[in-house]
Asker: 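The structure follows.
Side chains included, hydrogens not; waters and symmetry mates left out as well; all remaining heavy atoms used.
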Amino acid sequence: MSAGSRELSSLSSPQWRFYGADNFFFGEKSARRRLSQQRAERAQKLPSSAASPGGKLAARFSNTQHQLSRSEASSPSLLLLTQFHSLPHLTCIDLQKCQDVLLGITGKDFVIVAASKAIMRGPTIIKAEDDKTRQLNRNTMMAFSGEAGDTVQFAEFIQANVQLYSMRNDTELSPSAVANFVRGELARSLRSRSPYTVNLLLGGMDPLTQQPHLYWIDYLASLAPVPYAAHGYAQYYCLSLLDKHHNPNINLDQGLKLLEMCTDELKRRLPIDYKGVLVKIITKDGVKEVDFDNDKIVRSA
């Protein structure tokens with residue numbers, strides 16, 4: 001590759017800048033003109049040892065924000081990561097979704113789903129006793145987090161369609177069927193002009209096999225059956241505990257004890273007041289809410 005083509009390729013380097021209140025990118029001609037001006041300015045400042053094309057290339061990369069080496073800058077993954085972190089307004093896209101706490105744990109014959117009670121908008125707590133769950137049928141339940149309007153609207157839409165299916169066909173969908181239906185609706189909305197920004201945990205007991213099921217679903221329509229799951233900031237603190245202590249054959253008391261370990265860790269390390277969790281369990285007898293001690297005082301780390 002010639003020196004000129006290498007210099008023009010720096011248009012895709014991590015030196016992204018914003019201009020104006022609307023973060024308007026300059027066009028290609030303006031970018032080329034700006035590149036020419038930068039080359040002229042650097043040529044005056046560079047010593048004679050940097051007059052070669054290799055020296056100019058090294059000097060250009062030494063002036064980047066992250067001071068990438070030449071080998072690092074040639075890596076597409078590192079280039080994409082650097083460009084992403086150079087856009088500060090994009091790094092907080094999922095902030096609202098991360099503030100909610102969703103936890104799910106499966107055991108021998110049950111599924112535990114816990115959701116934080118607080119409705120928050122930035123640093124403000126709007127409501128302290130909210131139910132972020134919806135029972136879809138007798139043995140299936142869904143917990144949700146994300147944008148306030150999308151969550152309730154999507155949850156009620158799924159709830160109404162699942163119940164309509166039960167009334168029309170005189171049978172209930174299994175948790176696996178409901179999860180795939182939810183995933184299909186999220187995938188369809190993702191390709192529309194108004195996608196839902198919703199993260200979900202869907203748990204249930206199969207009425208035929210009497211086996212517990214838990215599904216992790218995100219706003220990009222990813223679906224994964226898991227033995228335990230978390231959404232939001234809770235995943236950074238709780239997944240390691242669940243990795244270490246979870247066993248597929250635990251009973252309900254052990255599952256609640258494991259959930260208590262997770263909430264204690266959140267109280268100890270998470271600097272967000274999520275107002276405790278609402279806990280519901282799903283067994284072969286249906287869905288029921290259980291009392292959970294959210295007032296327990298935990299020693300700080």
Asker: Are Ile250 and Ile282 linked, directly or through other ILVMFWY residues, by side chains that come within less than 4.5 angstrom of each other?
Answerer: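 Cluster IDs for Ile250 and Ile282 differ.
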Asker: Any side-chain to backbone donor/acceptor pair from Asp130 onto Lys117? Under 3.5 Å, distance only.
Answerer: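 It does not hold such a pair.
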Asker: With sequence neighbours left out, write down each residue that passes salt bridge (Lys or Arg N to Asp or Glu O under 4.0 Å) with Arg138, or none if nothing qualifies.
Answerer: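 Once residues adjacent in sequence are excluded, Arg138 has no partner under the salt bridge (Lys or Arg N to Asp or Glu O under 4.0 Å) criterion.
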Asker: Only pairs at least two apart or in different chains count here, so list each ring pair (Phe, Tyr, Trp, His ring centres under 6.0 Å) that has a residue in residues 181-204.
Answerer: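 Every ring pair (Phe, Tyr, Trp, His ring centres under 6.0 Å) pair that includes a residue of residues 181-204, provided the two are not neighbours, is Phe154-Tyr196.
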Asker: Looking at every heavy atom in both Ala229 and Leu201, which two are closest together, and how far apart are they?
Answerer: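 So the minimum-distance heavy-atom pair works out to CB-CD2, 3.5 Å.
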Asker: Would Val182 and Val162 show up in the same hydrophobic cluster when neighbours are defined by side-chain heavy atoms closer than 4.5 Å?
Answerer: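 Val182 and Val162: one cluster.
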Asker: Roughly how far, to the nearest 0.5 Å, is the CZ atom of Phe110 from the CD1 atom of Ile281?
Answerer: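 So the CD1 of Ile281 and the CZ of Phe110 are separated by 8.5 Å.
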Asker: Could you pull out the closest heavy-atom pair between Gln159 and Leu136, with the gap in Å?
Answerer: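 Heavy atoms of Gln159 and Leu136 come nearest at CA-CD2, 3.8 Å.
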Asker: Using only atom types and a distance under 3.5 Å, with no angle test, would you say the side chain of Lys267 pairs donor to acceptor with the backbone of Lys296?
Answerer: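 Such a contact is found between Lys267 side chain and Lys296 backbone.
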Asker: Any side-chain to backbone donor/acceptor pair from Gln163 onto Asn137? Under 3.5 Å, distance only.
Answerer: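 No: the side chain of Gln163 does not pair with the backbone of Asn137.
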Asker: Is there a path of hydrophobic side-chain contacts, each under 4.5 Å between heavy atoms, that joins Tyr165 and Phe157?
Answerer: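 Tyr165 clusters together with Phe157.
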Asker: Can you tell me how the ring of Tyr215 sits relative to the ring of His213, calling it parallel under 30°, perpendicular over 60° and tilted otherwise?
Answerer: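 Ring orientation, 0 to 90° scale: parallel.
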Asker: Under the 3.5 angstrom rule, does the side chain of Gln254 hit a backbone N or O of Asn251 as a donor-acceptor pair?
Answerer: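 Yes, the answer is positive, given that a donor and an acceptor are paired below the 3.5 Å cut-off.
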Asker: Please check if the side chain of Asp150 supplies one atom and the backbone of Thr197 the other of a donor-acceptor pair under 3.5 Å.
Answerer: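 Flag set: sc Asp150 to bb Thr197 pair under 3.5 Å.
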Asker: Between Thr140 and Pro175, what is the shortest heavy-atom contact and its length?
Answerer: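 Thr140 and Pro175 have their closest heavy atoms at OG1-CG, 3.9 Å.
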Asker: Give, for atom CD1 of Ile217 and atom CG of Leu223, the distance between the pair rounded to the nearest 0.5 Å.
Answerer: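 So the gap between those two atoms works out to 5.0 Å.
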Asker: Which value, rounded to the nearest 0.5 Å, describes the distance between Lys108 atom NZ and Thr283 atom OG1?
Answerer: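 Nearest 0.5 Å value for the NZ-OG1 distance: 14.5 Å.
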Asker: Between Ser145 and Leu102, which heavy-atom pair has the shortest distance, and what is it?
Answerer: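 Closest approach of Ser145 to Leu102, heavy atoms only: OG-CD1, 3.7 Å.
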Asker: Tell me if a side-chain donor or acceptor on Lys132 pairs with a main-chain N or O of Ala118 at a distance below 3.5 Å.
Answerer: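 Between the backbone of Ala118 and the side chain of Lys132 there is a qualifying donor-acceptor contact (under 3.5 Å).
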Asker: With side chain to side chain contact (heavy atoms under 4.5 Å, CB included) as the test, would you mind laying out the steps for Asp206 and Ser176 before giving the verdict?
Answerer: CA-CA 8 Å; Asp206 194 307; Ser176 176; 5.9 Å; no
Asker: Roughly how far, to the nearest 0.5 Å, is OH of Tyr228 from CD1 of Ile112?
Answerer: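 Ile112 CD1 to Tyr228 OH: 15.0 Å, rounded to 0.5 Å.
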Asker: Backbone N or O of Gly232 within a donor-acceptor pair of the Gln235 side chain at under 3.5 Å?
Answerer: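 Side chain of Gln235 to backbone of Gly232: a pair is present.
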Asker: Filter on ring pair (Phe, Tyr, Trp, His ring centres under 6.0 Å), then keep only pairs touching residues 262-290, sequence neighbours left out; what's left?
Answerer: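 Matches after skipping sequence neighbours: none remain.
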Asker: Report the distance from atom CG of Leu256 to atom CE of Met261, rounding to the nearest 0.5 Å.
Answerer: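 Between atom CG of Leu256 and atom CE of Met261 there are 13.0 Å.
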Asker: Could you check if a side-chain atom of Ser166 sits within less than 4.5 angstrom of a side-chain atom of Leu173, using non-hydrogen atoms only?
Answerer: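 No - every pair of side-chain heavy atoms lies 4.5 Å or more apart.
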Asker: Is any side-chain heavy atom of Val277 closer than 4.5 Å to one of Leu103?
Answerer: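 Not touching, per the 4.5 Å side-chain cut-off.
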Asker: For Leu214, which of Ile105, Val226, Leu202 qualifies under side-chain contact (heavy atoms from CB on, under 4.5 Å)?
Answerer: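 Exactly one candidate clears the test, Val226.
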Asker: Quick check on the hydrophobic clustering: are Ile158 and Val198 connected, directly or via other members, by side-chain heavy-atom contacts under 4.5 Å?
Answerer: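 They do share one cluster, since a chain of ILVMFWY contacts under 4.5 Å joins Ile158 to Val198.
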Asker: In terms of hydrophobic clustering (I, L, V, M, F, W, Y; side-chain heavy atoms under 4.5 Å; direct or indirect links), are Tyr236 and Ile272 co-clustered?
Answerer: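 Cluster IDs for Tyr236 and Ile272 match.
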Asker: Which heavy atom of Leu259 sits nearest to which heavy atom of Ala114, and what is that distance?
Answerer: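 Looks like CD1-CB, 3.9 Å.
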Asker: Is any side-chain heavy atom of Phe144 less than 4.5 Å from a side-chain heavy atom of Thr133?
Answerer: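 No. Closest side-chain heavy atoms not under 4.5 Å.
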Asker: If you count the non-hydrogen atoms of other residues, nucleotides and ligands that lie under 6.0 Å from OH in Tyr237, is the total more than 12?
Answerer: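 Buried by this count: over 12 neighbours within 6.0 Å.
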Asker: Is any NZ, NE, NH1 or NH2 atom of the basic residue among Arg121 and Glu147 found under 4.0 Å from an Asp or Glu carboxylate oxygen of the other?
Answerer: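 Salt bridge: yes.
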Asker: Which heavy atom of Thr106 sits nearest to which heavy atom of His246, and what is that distance?
Answerer: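 Nearest pair, atom of Thr106 first, then His246: O-NE2, 2.8 Å.
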Asker: Are any non-hydrogen side-chain atoms of Met141 and Lys280 less than 4.5 angstrom apart?
Answerer: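 Yes. Closest side-chain heavy atoms under 4.5 Å.
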Asker: Taking the side chain as everything from C-beta on, heavy atoms only, tell me whether Pro225 gets closer than 4.5 Å to Trp216.
Answerer: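 A side-chain contact is absent here, since even the closest heavy-atom pair is not under 4.5 Å.
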Asker: Would you check if Glu289 and Val279 make a side-chain contact, meaning some heavy-atom pair closer than 4.5 Å?
Answerer: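 They are not in contact (no side-chain heavy atoms under 4.5 Å apart), so the answer is no.
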Asker: So, do Asp109 and Gln210 sit near enough that their side-chain heavy atoms are less than 4.5 Å apart?
Answerer: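 In short, these two side chains do not touch, never coming nearer than 4.5 Å.
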Asker: From Cys238 SG over to Tyr233 OH, what is the distance, rounded to the nearest 0.5 angstrom?
Answerer: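 Nearest 0.5 Å value for the SG-OH distance: 14.5 Å.
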Asker: Can you tell me if Arg134 uses its side chain to pair, donor with acceptor, with the backbone of Ala155 under 3.5 Å?
Answerer: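 No, because the side chain of Arg134 does not come within donor-acceptor range (under 3.5 Å) of the backbone of Ala155.
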Asker: Quick check against the 3.5 Å criterion: does Thr124 have a side-chain atom that pairs as donor or acceptor with the backbone of Met120?
Answerer: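 Not confirmed, Thr124 side chain does not pair with Met120 backbone.
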Asker: Is there a side-chain contact between Glu265 and Leu241 in this structure, where contact means two heavy atoms from C-beta onward sitting under 4.5 Å apart?
Answerer: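 When only atoms from C-beta onward are counted, Leu241 and Glu265 do touch, with a gap below 4.5 Å.
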Asker: Do Asn199 side-chain atoms and His231 backbone N/O form a donor-acceptor pair below 3.5 Å?
Answerer: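 The answer is no, because no donor-acceptor pair under 3.5 Å joins these two groups.
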